[in-house]
Amino acid sequence: MASILDYETVALIDEDDAIEIIDQTLLPGTTKMIRLHTGQEIWDAIYLLQVRGAPAIGVTAGFGLYLLMKHSNAGTYDEFMNELQEKSDYLNSSRPTAVNLSWALNRMKQHVVEFCNGQFDKEKVIVEMRAESERIKAEDIDVCRRIGENGLTLIKDGYGILTHCNAGQLATCKYGTATAPMYLAHEKGMNIKVYCDETRPLLQGARLTAYELHSAGIDTTLLCDNMSASLMKSGAINAIFVGCDRVAANGDAANKIGTSVVATVAKRYNIPFYVCAPTSTIDISTPTGEDINIEQRKPEEVTEMWYKERMAPEGIKVYNPAFDVTDNELITGIVTEYGVLHAPYDVAIKDLFERKSAVTAD
Ligand code: MRU
């Protein structure tokens, strides 16, 4: 029988001019693949979290921009670039915090500019856009695997590991970021126990992380978010791995709401707290966590969703930010595809990007 890990999180379906995704709002009860054809369908799927997790959002945006330009009527380079910008701005407005969205869209636009280099052959540009969007996906798989290998160096046999939200395969194209070291540890026959915060209000930990890790045969335990301090105090947790949506230039990291609570408690009990981040999630143009735009979501997610009947008084005010920022001093290490970064993060991140651009220039 197929497991959830056998499905592709995001795929381009050429013959249907569509993106195929698993509708993650229906998991774990129903595994339903849906196809997105129009700009509005792609926008809605990202906004509604049918596809979610920073890297998967980026891959969807890359495929989306290609598909939206595939049948463009632009006759000149300028017309094409104006339309490209307009479609890119539209997709970019679907969610504000995960930088992989704008990163992928900018990468697609930059590729068009470099490929054209003053000349314009629409058919060739479209072929190039398709190739670039598939490269973004292929790189995501490679990068997650490398994050897994680097993260694995921080895990010992017998470890209890806590994670928050879903930075798993469902948030990427394979392996996940925070879950990649867990999958590799399991592959190597290491004995690990993973604890998943359920992650209120949208339950990504319960519905997605617990589901995919359990399907992989990993020893998985689910807990409510407010139980993690007692678990940490009990000594069951040796390390914490989480994903992130945007790392600022000083190492402050935005991730699912509640992550900073976990990091603060981890500091209290001396438990190492690792943020797993592909370099596409590190935004050196954002100086600190204060500068990260945090998405605010609808009150109904807190008061009504998942319940048979409303569980809060009518008219009550609701605080529902989708993300919070973990201060860099609470982070033991940032696990990237190039290695594990340590404080001072402003220096480590600057150095990483300098090394990366030197490699790309070769
Ligand atoms: O609102 P979501 O479900 O998109 O939030 C996802 C997270 O916070 C993940 O931890 C993050 O995007 C990293 S995914 C590898």
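For ligands, and for the atoms within them, numbers begin at 1 and follow the listed sequence.
Among pairs with a residue in residues 307-318, those fulfilling salt bridge (Lys or Arg N to Asp or Glu O under 4.0 Å) read Glu304-Arg310, Arg310-Glu314, at least two apart in sequence or across chains. Residue pairs meeting the salt bridge (Lys or Arg N to Asp or Glu O under 4.0 Å) criterion with at least one partner in residues 141-150, sequence neighbours excluded, are Asp142-Arg146, Arg145-Glu149, Arg145-Glu187. The side-chain hydrogen bond (donor to acceptor under 3.5 Å, both in side chains) analysis of residues 260-275, with sequence neighbours excluded, yields the pairs Ser260-Asp324.
Between Trp43 and Tyr90, the ring-plane angle classifies as parallel under the 30° and 60° cut-offs.
Counting only heavy atoms from C-beta outward, the side chains of Trp306 and Leu203 approach each other to under 4.5 Å. At least one side-chain heavy atom of Ile218 sits under 4.5 Å from a side-chain heavy atom of Tyr183.
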Distances for all N or O pairs of ligand 1 and the protein under 3.5 Å?
| unit_1 | atom_1 | unit_2 | atom_2 | d |
| --- | --- | --- | --- | --- |
| ligand 1 | 1 (O) | Arg95 | NH1 | 3.4 |
| ligand 1 | 1 (O) | Arg95 | NH2 | 2.8 |
| ligand 1 | 1 (O) | Lys256 | NZ | 2.7 |
| ligand 1 | 3 (O) | Arg52 | NE | 2.8 |
| ligand 1 | 3 (O) | Arg52 | NH2 | 3.2 |
| ligand 1 | 3 (O) | Gln204 | NE2 | 2.9 |
| ligand 1 | 4 (O) | Gly53 | N | 3.1 |
| ligand 1 | 4 (O) | Arg95 | NH1 | 2.8 |
| ligand 1 | 8 (O) | Asp245 | OD1 | 2.9 |
| ligand 1 | 8 (O) | Asn255 | OD1 | 3.0 |
| ligand 1 | 8 (O) | Lys256 | N | 3.3 |
| ligand 1 | 10 (O) | Asn255 | OD1 | 2.6 |
| ligand 1 | 12 (O) | Ala54 | N | 2.9 |
| ligand 1 | 12 (O) | Asp245 | OD1 | 3.2 |
| ligand 1 | 12 (O) | Asp245 | OD2 | 3.0 |

